[in-house]
There are 2 protein chains.
Amino acid sequence: MLTMASSTLLPLTDISACCSPITRETLDSEQAELLARKLKALADPARLRLISIVAASEDAEACVCDLTEPIGLSQPTVSHHLKLLTEAGYLTRSQRGNWAYYRLVPGALDSVAELLVTA
Amino acid sequence: MLTMASSTLLPLTDISACCSPITRETLDSEQAELLARKLKALADPARLRLISIVAASEDAEACVCDLTEPIGLSQPTVSHHLKLLTEAGYLTRSQRGNWAYYRLVPGALDSVAELLVTA
DNA sequence: GCGCTGTATTGACAATCTTCGATACAGCTC
DNA sequence: GAGCTGTATCGAAGATTGTCAATACAGCGC
């Protein structure tokens, strides 16, 4: 498919310019649901470290084989976390040969951060 | 007690100036654990809306009675979420008479947002 | 084709989370 | 004191989550 990650329910990627910081206007339940899902995707130590390691990697990308060992979890578990992060719009996946390379989606973390800021 | 919210395991409040953005340096597992817990406290639609409503309230504070109805959850559940948010360092509680007033901890959301930003 | 290597999916289990009703506690008023 | 009101805690039920071993799939080299 061409347009990726606009998965089952809601386009989880498009929080970007959707709303102002949560302390500026009161969230309706739909916005809250959306942001909660974005945050839930981040709210796991393994996934935070995955993001961190990907960002710090050569060329800002990493394959599953690079990630399994430093994370200290099984390969299926790492794949699972990477899938979650991808579906949540934080990572993209590109396969080259046998390897699946993941990289950060530019601005994805920032758009969430902007919603939390009180200024 | 005087110094509140420094609960059981780790001082959940003190992420503030603890580390640089997660995309700058790779997180060790302890930092990841800490940030994940902060994010998990936010990663719920009810709690996001609670924060949002408190921030928008008169004098930036609200009592449980003000929050139960707009959230649409039972009073015990709202109390539970407020306790979580307080323990996570996002809210403070102050009792005046029969009412418990909650308000935002200044800078708490911002310090988390700073850790997510890639710039 | 066959085997190998890297990754994804499946199925299961344990742990955690969200929610509620029932109940307990705290502080007011009379 | 007794009764009321606002809030917190308890206990339980249902849903979700994180993890793994086993297995399936995809793409390479021979």
Side-chain angles (χ1 to χ4, degrees), chain A residues 1 4-5 7-9 12 29 32-33 36-51 53-54 57 61-88 91-103, chain B residues 1 4-5 7-9 12 29 32-33 35-51 54 57 61-88 91-103:
Chain A
M1 57 176 109
M4 53 144 308
S7 59
T8 46
L9 273 174
L12 210 43
S29 34
E33 193 80 40
R37 253 193 288 166
K38 294 281 276 186
L39 289 171
K40 208 169 295 189
L42 288 181
D44 179 273
R47 291 196 286 274
L48 288 173
R49 297 185 69 202
L50 284 172
I51 287 181
I53 297 175
V54 166
S57 298
E61 71 174 5
C63 66
V64 182
C65 53
D66 295 330
L67 297 168
T68 301
E69 190 261 333
I71 294 290
L73 294 173
S74 74
Q75 175 269 315
T77 301
V78 172
S79 270
H80 173 240
H81 286 309
L82 290 170
K83 182 184 182 182
L84 272 186
L85 287 172
T86 304
E87 289 176 344
L91 297 179
T92 54
R93 190 192 111 110
S94 67
Q95 184 136 4
R96 286 201 302 279
N98 257 339
W99 291 266
Y101 291 94
Y102 288 86
R103 48 169 70 229
Chain B
M1 59 174 111
M4 52 145 308
S7 60
T8 47
L9 276 172
L12 210 43
S29 34
E33 193 79 39
L35 179 53
R37 252 192 290 166
K38 292 283 277 188
L39 288 170
K40 208 168 295 188
L42 287 181
D44 179 273
R47 289 196 287 273
L48 288 173
R49 296 185 71 201
L50 284 172
I51 288 181
V54 167
S57 298
E61 72 174 5
C63 66
V64 182
C65 54
D66 294 330
L67 297 168
T68 301
E69 191 261 333
I71 294 289
L73 294 173
S74 74
Q75 176 269 314
T77 301
V78 171
S79 269
H80 173 242
H81 285 309
L82 289 170
K83 182 184 183 184
L84 273 186
L85 287 171
T86 303
E87 289 176 343
L91 297 179
T92 55
R93 188 191 114 110
S94 67
Q95 184 135 6
R96 287 203 300 279
N98 257 338
W99 293 266
Y101 291 95
Y102 287 87
R103 47 171 70 228

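A quick note: this is a predicted structure, and the numbers were derived from the prediction, not measured. Reminder, nothing fancy here: chain letters follow the sequence lines and each chain counts from 1.
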message: Nearest to the side chain of B:T77, heavy atoms from C-beta on, is which of C:dT19, C:dA22, C:dA8?
response: C:dT19
- prompt: Could you go step by step and tell me if A:L39 and B:L48 meet the side chain to side chain contact (heavy atoms under 4.5 Å, CB included) rule?
  reply: CA-CA 10 Å; A:L39 289 171; B:L48 288 173; 3.9 Å; yes
- prompt: Is the phosphate of C:dT18, meaning OP1 or OP2, less than 4.0 Å from a side-chain N or O of B:R47?
  reply: yes
message: If you assign each of A:Q75 and A:G97 to its closest nucleotide in DNA chain D, which residue comes earlier from the 5' end?
response: A:Q75
- prompt: Taking CG from B:D44 and P from C:dC17, how many angstroms apart are they, rounded to a whole number?
  reply: 11 Å
query: Please give, in whole Å, the distance from C:dT7 P to A:E61 CD?
result: 12 Å
field: Any A:R93 side-chain nitrogen or oxygen under 4.0 Å from OP1 or OP2 of C:dT7
entry: no
Boundaries of the chain A footprint along DNA chain D (any atom under 4.0 Å from a heavy atom): D:dT17 to D:dC28
- request: Using atom types as modelled and distance alone, determine if a side-chain donor or acceptor of A:K40 lies under 3.5 Å from a backbone N or O of B:D44.
  value: no
- prompt: Starting at NZ of B:K40 and ending at C1' of C:dT18, how long is that distance when rounded to a whole Å?
  reply: 14 Å
- request: Using whole Å, report how far CH2 of A:W99 lies from C1' of C:dA8.
  value: 16 Å
field: B:Q75 side chain to B:S79 side chain, donor-acceptor N/O pair below 3.5 angstrom
entry: yes
- prompt: Counting just side-chain N and O atoms, does B:H81 come under 4.0 Å of either OP1 or OP2 of C:dC17?
  reply: no
message: Just the rounded figure in Å: distance from P of C:dA8 to CG of A:N98.
response: 11 Å
statement: For A:R103 and A:V54 the tightest heavy-atom approach is CA-CG1, 3.8 Å
query: Say you draw a straight line from OH of A:Y101 to CD of A:Q95; how long is it, rounded to the nearest 0.5 Å?
result: 10.0 Å
- prompt: When all nucleic acid strands are considered with a 4.0 Å heavy-atom cut-off, which category describes B:Y102: base, sugar-phosphate, or nothing?
  reply: sugar-phosphate
task: Would you name the heavy atoms of A:A88 and A:K38 that are closest together and state the gap between them?
output: O-NZ, 2.9 Å
message: Can you measure B:Y101 atom OH to C:dG27 atom C1' for me and round it to whole angstrom units?
response: 13 Å
message: Can you say whether a donor on the side chain of B:Q95 sits under 3.5 Å from an acceptor on the base of C:dA26, or the other way round?
response: no
- prompt: If only atom types and distance count, is the side chain of A:R47 paired as donor or acceptor with the main-chain N or O of A:L85 below 3.5 Å?
  reply: no
- prompt: Is the phosphate of C:dC20, meaning OP1 or OP2, less than 4.0 Å from a side-chain N or O of B:S74?
  reply: yes
task: Round to a whole Å and report the spacing from CD1 of B:I71 to C1' of C:dC20.
output: 16 Å
